[in-house]
Every structure is written in structure tokens, then in C-alpha cells.
Number of protein chains: 2
Amino acid sequence: MSTRDRIVAAAAQLYGRYGYTGVGLKQVAAESGAPIGSLYHFFPGGKEELAAAALRMSGAGYQMLVEGILENMPDLVSGIEQSFALAAETVASTGYVDACWIETVALEVASTSEPLRMVTAEIFEQWIDSCTAWVESHGVAPEKARELGIAYVTGLEGAFILARSLQSREPLLATGRMLAAAAREALAAPPSTPVKAKGARR
Amino acid sequence: MSTRDRIVAAAAQLYGRYGYTGVGLKQVAAESGAPIGSLYHFFPGGKEELAAAALRMSGAGYQMLVEGILENMPDLVSGIEQSFALAAETVASTGYVDACWIETVALEVASTSEPLRMVTAEIFEQWIDSCTAWVESHGVAPEKARELGIAYVTGLEGAFILARSLQSREPLLATGRMLAAAAREALAAPPSTPVKAKGARR
DNA sequence: GTCTATAAACCGATAGAC
DNA sequence: GTCTATCGGTTTATAGAC
């Protein structure tokens, strides 16, 4: 693992616990074992450039994680409910500290750093596209699939907030069940313009 | 408006734009027109005590706002969709900077300040209770009503994140429509233990 | 590429005059 | 209750030796 990678990894970990504003560059340097000079060597743009790299790395990582989970789900409805239940277990197992730190930084930078805001927007858009494609592959019409794909992301992110604050699995379990209900309705109303569905509607 | 109130109001406004960690006490003092000494006079506990007061004030304010909107909605399903659409317009009208700042601070303090984490938990619990009561008043069985009440809050908070990051109404509109679909299903399956519903099931 | 030293500004918090 | 000055520590960022 290169020095650069260790710096980015340390930054991602610290941002997850303390937020973007709450973490100093010296702290990142200390955690990664690199001196501050190396940090500015790899990221001449300073804190913003480092955060952009960490966001992009973790954003892609979260997406691969979710895609891997959803791919192995038997059907749309139980896939939604099960993946939220799995998220609940995972978050609980870390003592409600590790969920998704992208949202924390996204809120912090939304009105303070236009470059970083755009990085988070790019990440969320990719997540939406990925989820929408999965929903569509199970036979939901494109527009409805996008709505459900968006609601999957917003519901998951919102449930993470309450789960961490309340230190409870309930927000994730309840949100998963309600989104599964929405998915059931989306399946019941078949595509107005029929498409060949790859996944089974059963 | 008392000096104390002006300090709390200024803190709430600044936390909304820059987050908890991103706002200094000197900044709050300057914005409110009060000297730092007064700030420590009213809040001997310093930054944490001030944030707790601001959180409680804004938390109650948001709850009253949502309750006032939901009360006047004709039915459960369109009430959910319409209130999300209204939120989309409101957030868009502020240039996507003012949505709900409780979530920003909740994420920042979740693993850094146990006292503040508990304040945010209390606020979220009250929101859930309020939404659950509204859902139940429209004829949904208690357990399902709580699930939908939770999903309303998580969906709204999550959609606020994406709306601000993407600078788009779409996350709020899509989430509102999906939660309305979930509500439709909750109404279709009547309470196992029938209760006298105050709201119309139609 | 690695590392140290340092500048200039800001932080939360306190002391103490008024 | 109001206000100022200040302490000790931290921040981002840079300069420059190795």
C-alpha cells in the first residue's frame, strides 16, 4: 500500500468518525504515519483535494459493496428488505459509528465548498444509476424504477442518520419494509411500454 | 427578543450553513451582536450547551412546521406526497441551502459528543411519535403506522441530503411518491385488531 | 519523496474590569 | 449582565533542509 493510499485511507476513516471540518491535516498525517510534507506533496490542493480523493474512493467502495449485495438477492421486494436488514446488522455491529460517512461530509460541504459539493453529487448520481438499473432489471418500468432507485438511496442514507443517533436498528428495518411495500406496488403496475424484463417478476 | 434568544437563533442559523464543528463561538457572538462574555454567561457549558439549546429550539420548530402541514392534508396518501412536494419547493427556493440542519449536526456529533447525540435522539424520537400519530389517525394499524412514521422521517432527511447535494427537487419528489405507495399498501391491509379510525379510509 | 520548522490565523475557554 | 484582553492550543499552509 503506497503512502498516498495510506493517507487517503486514514482520511476516510477519520472523516467517518469526526466529519470533514472536525479532522485536521496533522491528524490525518499522524494516523497514516506520513509527515505533513508528504501530504502536501501528494495533494497540493490541501484539505479539499485530499477530501475529494477520499470521497471518490469511499463512494466507489460503498457502491461496489451494495451492488454485490443486491446482485445476489432473489427478487426485488425481498432484496430491498433484506439489504436494509443486513445494513442494520452491520451498523449495529460497529456500535453505531460506521455507517456511511459520505452523507456527513455531503451535508458539511453542501454550502461551504462548491468543488466538494460537486464531488458528492457525482457520487450520489452514480449510486442512483446503479440502484435504478438493478430495480429495472427486475421488471419495473424505467421512470418508476428511477423513483424507486432514488428512494432506496435517500431511505438508506436517512435511516443511517437515525440509526446512529438513536443507536437502534429500527430505522433501517422500518424503512426497508416500507420501501419493499413501494416496490410491490411498482411491480403490480406493469410498464406502460412493455420491456423485456431480465429479472423474474414471478 | 432577549440576548439569549438572539444568541440561540444566530447559532441555529450558522450551524445550518456550516455545521457544528464549522462554526466558532466568536462567529456566533458576532452574528448575534453579543460579546463572547455574554455567551458564556448564558451558556456556562460553552459550545456544547449552546448547541443543545439550539438543537432543541429548532427541533421543536421543525416539528410544529410539519405537524401544521400534515394536519391540513385531506388524506394519508396524498398528504405524504404533497408534503414532500412542498418541502421540495421550499428547499429549492432557498437555493438548496436551508433544509433541515438537525441531521447535519446529528451526524457530526453521533460519535464525538454523547450529550449532544442524546439531544438529537430525543428530537428524532419526538418526530417519529408525531408522524406515527398522524399516520395512525388515518386508519393504519399501530405497528404499521410506526413503520411508516419512521420511514417518513428517514425518507425526508435522506432526501434533504441528496436534494442539497444534487441541487434538485427530484430526490424529494421521488421519495414522497414511493412513501405514498407504501402508505397505499398500509391502508389496503386493514388493522388486524380493528380500531376506530378517526381519519377517512374512503 | 521525506521530513521539520514555522508563519498567520483561528479555536474554545477564562479572568477580570465595568 | 456587558464587554475586552488574553492564554494555550489548534488549524491550514508554506519554506527549505535532506
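Proteins come first, then strands; the chains are lettered A, B, ... in the order of their sequence lines, and each starts at number 1.
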Along DNA chain D (nearest heavy atom to each residue), the more 5'-positioned of B/F42 and A/G45:
B/F42

With a 4.0 Å cut-off on heavy atoms, is A/G46 in touch with a base, just the backbone sugar-phosphate, or nothing at all?
sugar-phosphate

No-hydrogen, no-angle side-chain donor-acceptor test under 3.5 Å, A/T120 and B/S165:
yes

Is there a side-chain polar atom (N or O) of B/T3 under 4.0 Å from OP1 or OP2 of D/dT2?
yes

Atom OH of B/Y18 and atom C1' of C/dC11 are separated, to the nearest Å, by 17 Å

Without decimals, in angstroms, what is the distance between A/E48 CD and D/dA13 C1'?
14 Å

Could you tell me the separation between the CZ atom of A/F160 and the CZ atom of A/F84, rounded to the nearest 0.5 Å?
8.0 Å

Between A/S83 and A/Y152, is any side-chain donor less than 3.5 angstrom from a side-chain acceptor?
yes

Considering only side-chain heavy atoms of A/K26, which listed nucleotide, D/dA13, D/dT2, C/dC11, is closest?
D/dA13

Counting the atoms with a prime plus P, OP1 and OP2 as sugar-phosphate, which does B/V28 contact under 4.0 Å by heavy atoms, base, sugar-phosphate, or nothing?
nothing

Identify whether any heavy atom of A/G24 sits under 4.0 Å from a base atom; if not, whether one sits that close to sugar-phosphate; answer base, sugar-phosphate or nothing.
sugar-phosphate

Between B/Y40 (OH) and D/dT4 (C1'), how many Å, whole number?
15 Å

Compare the minimum distances between each of D/dT11, C/dC11, C/dT2 and the side chain of A/S38, then state the nucleotide with the smallest one.
C/dT2

How many whole angstroms separate atom CD1 of B/I36 from atom P of D/dT6?
14 Å

Rounded distance (Å) that lies between atom P of C/dG12 and atom CD of B/Q27:
9 Å

Of the listed nucleotides C/dA13, D/dA13, D/dT2, the one nearest the side chain of B/P35:
D/dT2

Does A/K144 pair with A/E147 as a salt bridge, N-O distance under 4.0 Å?
yes

Figure out the CZ/C1' separation between B/F43 and C/dG12, and round it to whole Å.
16 Å

Among D/dT12, D/dT2, C/dT2, the one nearest A/K47 by side-chain distance:
D/dT12

Separation of atom NE2 in A/H41 from atom P in D/dT14, rounded to whole Å
15 Å

Taking atom P of D/dT2 as reference, at what distance in whole Å does atom CZ of B/R6 sit?
8 Å

Side chains of B/F43 and B/R4, heavy atoms from C-beta outward: is any pair under 4.5 Å?
yes

